[in-house]
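Below you'll find the structure, written out as structure tokens, and then a few comments.
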Number of protein chains: 2
Amino acid sequence: MAVTLKDVAELAGVSRSAVSRSFTEGASVSARTRAKVEKAARELGYSPNALASSLTTGRTKLIGLVSNNFHNPIFLEIFDLFTRGLQERGLRPLLVNLSDETAPGNSVRMLRQYSVDGAIVASSTLPTDFAPAFHEAGIPVVNAFGRYASDPRVHTVGIDNIACGRLAVKSFAARGYRRIAFMGGPEAATSTQDRHAGFMAELAAHPGLEASISFAGAYSFEAGRREMQRLLQAPPAEAYFCGDDVLSIGALSALRDHGVSVPEEVGVLGLNDMEMAGWAGIDLTTIHQPIRQIVTSSIELMMAMLGEPDRYPEARVFPCRIIERATLRPLPEAG
Amino acid sequence: MAVTLKDVAELAGVSRSAVSRSFTEGASVSARTRAKVEKAARELGYSPNALASSLTTGRTKLIGLVSNNFHNPIFLEIFDLFTRGLQERGLRPLLVNLSDETAPGNSVRMLRQYSVDGAIVASSTLPTDFAPAFHEAGIPVVNAFGRYASDPRVHTVGIDNIACGRLAVKSFAARGYRRIAFMGGPEAATSTQDRHAGFMAELAAHPGLEASISFAGAYSFEAGRREMQRLLQAPPAEAYFCGDDVLSIGALSALRDHGVSVPEEVGVLGLNDMEMAGWAGIDLTTIHQPIRQIVTSSIELMMAMLGEPDRYPEARVFPCRIIERATLRPLPEAG
DNA sequence: CAGCTTTTTGCAACCGGTTGCATAAATCCT
DNA sequence: AGGATTTATGCAACCGGTTGCAAAAAGCTG
């Protein structure tokens, strides 16, 4: 049924090695044999079996793409960038949906069985020892959107969530908000913890500010809406830093229903700058996370590791900046 | 570096076949050897190489998941369902992002090289001969969200887009709208064509109605918004059937900006019923597409085909129904 | 315990490729 | 032209598993 090397060799009247060599870049074959082989291959509709060759070459060009964020629309943008970027470099994404799993055992085992050349863990919510487990199992790994650490155990690409937390407080202060609030995502997510930590740290530097803290159950519209509804039972703060855009949009919907005007009475600041944040009618002021750069950089790092598996681990951090839209008061005019 | 069958065999003091058999369900091994083997395997941290075994068994458990819809948030929901469903059945999704490709050649070749056991083409916009190309290359294929045909060449699971077009017109008529409009997605998408055809067909049965037709450039917010802005330069219709929810949401934003009240002055009907359609503040009346059932059914069909590759092709069609929300006038009270 | 069945085991060939090595063919040089 | 190099080719072993087959071991019967 499937046509193999042998069939081509027979038709072309050459040895199997000759066929194999004709299909490998830079192998020692004369132009004449290569031509014969290519002709025969074309006639038979042959294409080499990548899996069989991986057995001897030790490379499958398979990259595990591991994630647990299948409910936040920004991850569709991220998957798009990852899959395109990997494909452009001849790599194939093998997708692993963790669902609610938070231990690495299963995915490590599975990806080892499939001999992936590497794994990209794309998540901002997994525990810090998740990605290193791949490294320990001998799988080159890049942790995209992972927690920044000054002494990373594995390659990490993302933003400094602590700095984001600080940035939020600074922006609030600069715009004259005084009673401010942190409304985080799930408390177990490392990104939430770091943003929270940054928020608190910066708060200490602004004695004039008062802050309140709460957490939503998930990075989702419903969770944000519900949490804001709960908060609105008491007099609200003047500005909320929400854990994420989709959470912010949920919060905004609760504020609107409650007849609270944004940004006059209450300001909202998101994080991510997903496509939807810029939609007319939403117009969310948010901290931009440079996902395109993070993805590109993660893939570059992966490519580098394929050539040099023991590459010394590094953390790549990208700066975030505020995108001014309509849910936060403008900065007072300088002058 | 990697630990193989041979290592385990040596440690356990048995033959390589014995080890192989210990890891295959229902093979002929005594309990005693299996125990020895398992112990040795555990000590060495062995797990069998799925790719090597695929060479002889002819099964990789790899399923190509082919799509080009990486800009419509509903596809995140769809990917979530597919990846979970496949994983639960021990299958591994190999993701193919077509970007703007519309010819099957590349993906067929690639998936053949990786000896996938099957391919799921998940798209409502590809040309009708896309999925059959996999079949012709000997790859079992299911076309999810594909065009319904009474004589399918390959397994097709989805909705009857023609019926959806009719349903839209019927709903408009029942609610007393008279000047109605079809605002489709990209004209080249089969789903757009079918919804359009259904719309026109049903229109013929309602002599009292007047209709206008237009198409947006893509299934996206921006495209919907821009198209509605264009339409609003002339007096608008009373009700629009938009090609898709995200398109509808774009249209709604243009209507709102224009000060047009929905559903009083203009009604909007979407299609898909993605999560976002139900968000407070959007509350889009829409035709529900049962994506969970479509995905589950596609996977079932794939499983069936793995056992019986020449299975006679069938089309599975799921009914759609209107979800009543706030962007269409209610039905007049019966009585 | 012999004789017959059934179960377990190892051998060896195979899956579809790659690659080191020795040899054959082509090319270069004087 | 003849010898020295360089390039091209095929053989055979190997990658990490599976599996048909025959032989060995175990189980059963009387």
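As a basis for the values below, the full set of heavy atoms in this structure was taken, side chains included, without hydrogen atoms, waters or symmetry mates.
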Hey, is the main chain of A/Pro186 close enough, under 3.5 Å, to the side chain of A/Thr192 for a donor-acceptor pair? yes

Go through the side-chain N and O atoms of [X] and [Y] and say whether any donor and acceptor fall under 3.5 Å apart.
X: B/Arg147; Y: B/Thr128; result: no
X: B/Asn68; Y: B/Asn97; result: no
X: A/Thr4; Y: A/Tyr46; result: no

Quick one: how far along DNA chain D does chain B reach, first to last nucleotide 5' to 3', anything under 4.0 Å to a heavy atom?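 It runs D/dG16 to D/dC21.
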
Could you tell me whether A/Phe82 and B/Phe70 have their ring centroids closer than 6.0 angstrom?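 No, ring centres 6.0 Å or more apart.
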
Thinking salt bridges, do A/Arg84 and A/Glu88 make one under a 4.0 Å N-O criterion? no

Is it true that A/Glu38 and A/Lys36 have a side-chain N and a carboxylate O under 4.0 angstrom from each other? no

For A/Leu55 and for A/Arg21, locate the closest nucleotide of DNA chain C by heavy-atom distance; then report the residue assigned to the nucleotide nearer the 5' terminus. A/Leu55

When B/Arg16 and B/Ala27 are each assigned the nearest nucleotide of DNA chain C, the 5'-most assignment goes to B/Ala27

Pick base, sugar-phosphate or nothing for [X], based on heavy-atom distances below 4.0 Å to the nucleic acid.
X: B/Ser28; result: base
X: B/Val29; result: sugar-phosphate
X: A/Ser17; result: base

Using heavy atoms and a sub-4.0 Å distance, could you list which residues of residues 31-48 of chain B are near DNA chain C? By number, please.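 The stretch gives B/Thr33 as the residues lying under 4.0 Å from the strand, ordered by number.
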
Evaluate the ring planes of B/Phe134 and B/Phe130, with Trp represented by its six-membered ring, and classify them as parallel (under 30°), tilted (30 to 60°) or perpendicular (over 60°).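 Geometry flag for B/Phe130 against B/Phe134: tilted rings.
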
